Amino acid sequence: MFTNTENFGGNFKNVLKQEFKTSKNIVVASGYASADVLKEFKNEFILIAENGGSAKLLLGMAFYEGLSQTKLDILNSLCIDLNKLNKNSGVYVTYTRKYHGKVYLFDNGTQDNIFVGSSNFSSSGTSGNIECTVSVNDTSTKSKVKDFLSYLLSEENSVSILKADIVVPGSKKYKEKISLVTLDNLKQYDPTSIDISKLPQFIYPLDRIAEKEKSSLNVYFGKGRLNTKTGHIKPRPWYEIELIANVKLSSNPLYPKGDFDAYTDDGYIIPMRTQGDYHKNIRSKKSLQIFGMWIKGKLQKAGALIPLTPVTNDTLMTYGNDTLTFAKIADGKYYMKF
């Protein structure tokens, strides 16, 4: 057991240094990595590839949360160097779902040394924080971990970082990704002009879908999309959402069928539509992102949601509301409150 404390195994980084020296093939599969640790072990990765071995680094959160420019440059450079030396080596990111695990596989030619625990491939994970990472000694468990790593690194789950569109927080691309400017192109009205106290209403509960990471509120965290022109894979748009109503809700006589205008509680008029089986899909008409900009924009402005992180029940609790209220003004015309 390695906890980065003297009395319980010491720093995990010391284990890494020793294992890198004696290994012929390695896999590091971590949620995160820090720039200093990447620089420290870059040559070790390259040396293994130069000697004909396989050196693979997989990061599980970068595709969705982005990377600093410094870190992205280091990883791209490492991937290019590894690819030149060995086609079985490289830097990869998961693109179908966030991976938050920490698994280290070192093959020294006679045995596989595997470590699983809480230590990210970072300075805090390998020495700074109190962590708990253990060696896997059971043969059956080792086999299962190796199968899991093969699954993570398969084409169905991961892609070379060179073929992934990784956003850099603070960059122009990032600012465009989270911009709410499209809402300003909508028609606007005075929300005080509508008194909803006597209007018939129905409620859409958001808490039941926020529990699921890849719910209709969190499609950004689903499988990335391939750009056939560039060959790159990128996440779905951050603001893309489409709510799904259950049969009971869509059977409500007040529930809209087809196109309608949603007069929001903050003065926007959003062209909306319900479609699909029993009109279960609730979405904005021209782009799924408009509805998402309105909902996620409110959460972000309130400080309840950090861009590029999932909407959860904690998010809704921090915001102070976990329901969408629809008040019917007339056929095809609804007041929408969140």
Side-chain angles (χ1 to χ4, degrees), residues 180-220 237-305 309-338:
L180 296 168
V181 68
T182 303
L183 290 178
D184 295 331
N185 297 326
L186 295 171
K187 292 181 180 179
Q188 298 184 39
Y189 80 106
D190 179 5
T192 63
S193 65
I194 298 178
D195 178 10
I196 68 167
S197 61
K198 296 182 180 179
L199 295 177
Q201 304 175 15
F202 70 90
I203 302 294
Y204 185 102
L206 294 171
D207 56 341
R208 67 179 181 82
I209 57 173
E211 295 175 352
K212 304 174 182 177
E213 181 170 303
K214 292 194 291 184
S215 70
S216 51
L217 274 177
N218 293 310
V219 295
Y220 174 77
W238 164 237
Y239 289 116
E240 182 178 311
I241 73 166
E242 184 176 32
L243 300 184
I244 310 298
N246 58 29
V247 176
K248 181 178 179 181
L249 183 61
S250 64
S251 300
N252 188 317
L254 297 175
Y255 185 85
K257 302 293 196 296
D259 294 352
F260 67 99
D261 287 330
Y263 287 68
T264 70
D265 55 2
D266 52 357
Y268 294 108
I269 303 175
I270 304 178
M272 302 279 289
R273 171 178 294 162
T274 60
Q275 62 185 42
D277 296 339
Y278 54 87
H279 292 89
K280 65 180 180 179
N281 304 79
I282 307 172
R283 52 167 293 172
S284 43
K285 278 182 66 175
K286 294 183 179 180
S287 167
L288 297 178
Q289 295 187 63
I290 296 174
F291 192 23
M293 283 182 188
W294 183 69
I295 291 180
K296 288 187 173 181
K298 277 175 165 278
L299 295 172
Q300 289 170 184
K301 290 175 182 177
L305 177 66
T309 63
V311 178
T312 66
N313 281 326
D314 282 343
T315 308
L316 299 175
M317 187 178 297
T318 301
Y319 180 68
N321 185 16
D322 61 4
T323 61
L324 271 179
T325 299
F326 291 85
K328 186 173 183 178
I329 303 169
D331 288 343
K333 188 176 179 180
Y334 288 78
Y335 182 89
M336 187 166 63
K337 179 181 178 181
F338 176 51

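It should be emphasised that the depicted structure is a prediction, and the values quoted were computed from it without experimental measurement. FYI, side chains are in, hydrogens and waters are out, and symmetry mates aren't considered; it's all heavy atoms of this structure.
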Counting the benzene-type ring for Trp, do Y319 and F338 have ring centres under 6.0 Å apart? yes
Side chain of R283, backbone of K285: donor and acceptor closer than 3.5 Å? yes
Side chain of T323, backbone of T325: donor and acceptor closer than 3.5 Å? no
Taking atom [atom1] of [X] and atom [atom2] of [Y], what is their separation to the nearest 0.5 Å?
{"X": "F326", "Y": "Y335", "atom1": "CZ", "atom2": "OH", "result": "12.5 Å"}
{"X": "S284", "Y": "Q289", "atom1": "OG", "atom2": "CD", "result": "8.5 Å"}
{"X": "I282", "Y": "M272", "atom1": "CD1", "atom2": "CE", "result": "7.0 Å"}
{"X": "T318", "Y": "N313", "atom1": "OG1", "atom2": "CG", "result": "10.5 Å"}
{"X": "D322", "Y": "R208", "atom1": "CG", "atom2": "CZ", "result": "12.0 Å"}

Test item: side-chain donor near acceptor, T315 and T312, under 3.5 Å: yes
Listing request: all salt bridge (Lys or Arg N to Asp or Glu O under 4.0 Å) pairs with a residue in residues 323-338, at least two apart in sequence or in separate chains. K328-D331
For a quick test of reading the model, state the closest non-hydrogen atom pair linking P271 to L186 and the distance between them. CD-CD2, 4.2 Å
Return the minimal non-hydrogen interatomic distance between Q201 and I196, and the atom names on each side. NE2-O, 3.1 Å
Applying salt bridge (charged side-chain N to carboxylate O under 4.0 Å, His left out), run through D265 and K298 and close with a yes or a no. CA-CA 11 Å; D265 55 2; K298 277 175 165 278; 3.1 Å; yes
Of I241, L243, L288, the residue whose pairing with S216 passes side-chain contact (heavy atoms from CB on, under 4.5 Å): L243
Could you tell me whether the side chain of I290 reaches within less than 4.5 Å of the side chain of Y239, counting heavy atoms only? no
Give the intermediate values and the outcome of ring-ring contact (aromatic ring centres under 6.0 Å, His included) for residues Y189 and Y263. CA-CA 8 Å; Y189 80 106; Y263 287 68; 5.1 Å; yes
Is the number of heavy atoms from other residues, nucleotides or ligands within 6.0 Å of NZ (K286) greater than 12? no
